[in-house]
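Just so you know, ligand 1 is whichever comes first in the structure, and atom 1 is the first atom listed for that ligand. Positions are given from 1 along the sequence.
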Amino acid sequence: MSKGKFGYFDPKKPQAGRITDIGPNYFGQMLPPVIRRNYGKWASHRILEPGLLVHVSETGEKAFTVRAAAPRLMSVEHIREICDIADKHCNGYLRFTTRNNIEFILEDEAKAKALKKELDSRKHVGGSFKFPTGGTGMGMSNIVHTQGWVHCHTPATDASGPVKATADVLFDEFKNMRLPAKLRIALACCLNMCGAVHCSDIALLGYHRKPPAIDDDAIGKACEIPLVVAACPLYAIKPVTTADGKKSVTVNQEKCMYCGNCYTMCMGLPLADREGDGIAILVGGKISNRISMPKFSKVIIPWLPNNMPRWPEVTSVVKHIVEVWAKDANKYERIGDWAQRIGWEKFFEKTGVPFTEKSLDDYRLAVDTFRTSTQFKFTDHAWAVSKAVGGI
Ligand code: SF4
Ligand code: SF4
């Protein structure tokens, strides 16, 4: 029990120092002093070099931010090392961005550059960067992801594994700012989408393709069958009594959409499957208002295999899309803006990704997404797109 803040509990004086309204501390207490002093007064900001930003206040004060990548799932030792670096260089102040970049905030440019140098010099035992700086401006930010096989119970793919493999093939885009616009990549390991998959430029989404297996023994011993039945959003589960008298369930495979809700309720309905599970790729999402309104990501590849440990099918597609976009897009065009300007049929043509009836949106919304204007030329690829969706 902490004695620093409230003192030890004294059973003879139970009311002494008693507090009843315990919540999170006021966030302002945790802001670096330069941020606290200039709260609401920031006039401008610039990126001095990849991984180093400066914010200038109306008062003339400046805050220098050094940004480095983080692995999202961290060991205690790794977090302690981050804290030690912050203690050494910036009085212990640091923050994490929504994409899990680590940001150290300083008041002095020379000190910020020294910190950046030190971060880039720290390596893992295998020689890879521990805290590579970058992720700013017209480049790739840290890849945000979910728990994966390390922790969660419903993943259709790993999180850290494919993200590391993807980050490796795009590492130069994290260190440089040479793309047409920001590049945000995300991974969620199942359709629950704990990651920012619905609104990222490129999203990797774990996808099950098989209904749950049924373990009668485990269901009978460990599960509340009415809860399992109620958990299914498609009413695909029914209670049954097996031939040998066990209480269990059946799953209507035609109805099942492989969401994994039933497994959340009952360990007797495991969904993970080496052949069935894989990754869908979505592109074009964003939350910025620049050029066009915020957009949801759209499915362009419904499934790729979980080819551990480096997911080559996934990383090669992601890299290729980034290369085609970087070459073809106008300045400031995010991938979704670019695809919208050239037309989604051209997106598939230029990237060489096959268009199928499973591409883009779900079936009800697809008509809104397809170009319904007569203002484009029917190339061979556009005819193929038309045929794939059941047109002429
Ligand atoms: Fe678990 Fe799905 Fe979230 Fe991944 S996305 S952590 S599998 S709930
Ligand atoms: Fe129902 Fe989802 Fe379980 Fe399929 S995976 S049976 S849709 S709860």
Of the backbone atoms (N, CA, C, O) and the side-chain heavy atoms from C-beta on, which set of Y258 has a member under 4.0 Å from an atom of ligand 2: side chain, backbone, both, or neither? backbone
S141 versus N101, side-chain donor and acceptor atoms under 3.5 Å: yes
Could you tell me whether the side chains of T242 and D216 share a donor-acceptor contact shorter than 3.5 Å? no
Do the ring planes of F348 and F355 sit parallel (below 30°), tilted (30 to 60°) or perpendicular (above 60°)? perpendicular
Without swapping roles, check the side chain of H78 against the backbone of A70 for a donor-acceptor pair under 3.5 Å. no
Answer yes or no: is there a donor N or O on one side and an acceptor on the other, between the side chain of N176 and the main chain of R178, under 3.5 Å? no
Using the benzene-type ring in the case of Trp, are the ring centres of F64 and F104 under 6.0 Å apart? no
Just to be sure I understand the cut-off, which residues have at least one non-hydrogen atom under 4.0 angstrom from an atom of ligand 1? T146, Q147, C152, T154, P155, C189, C190, N192, M193, C194
In R37, R36, K62, the residue satisfying salt bridge (Lys or Arg N to Asp or Glu O under 4.0 Å) with E107 is R37
[X]: numbered ligand 2 atoms lying under 4.0 Å from its heavy atoms:
{"X": "I237", "answer": "6 (S)"}
{"X": "C262", "answer": "3 (Fe), 5 (S), 6 (S), 8 (S)"}
{"X": "C256", "answer": "4 (Fe), 5 (S), 6 (S), 7 (S)"}

Let me see the working for C266 and C223 under disulfide (SG to SG under 2.5 Å), right down to the final yes or no. CA-CA 5 Å; C266 172; C223 306; 2.1 Å; yes
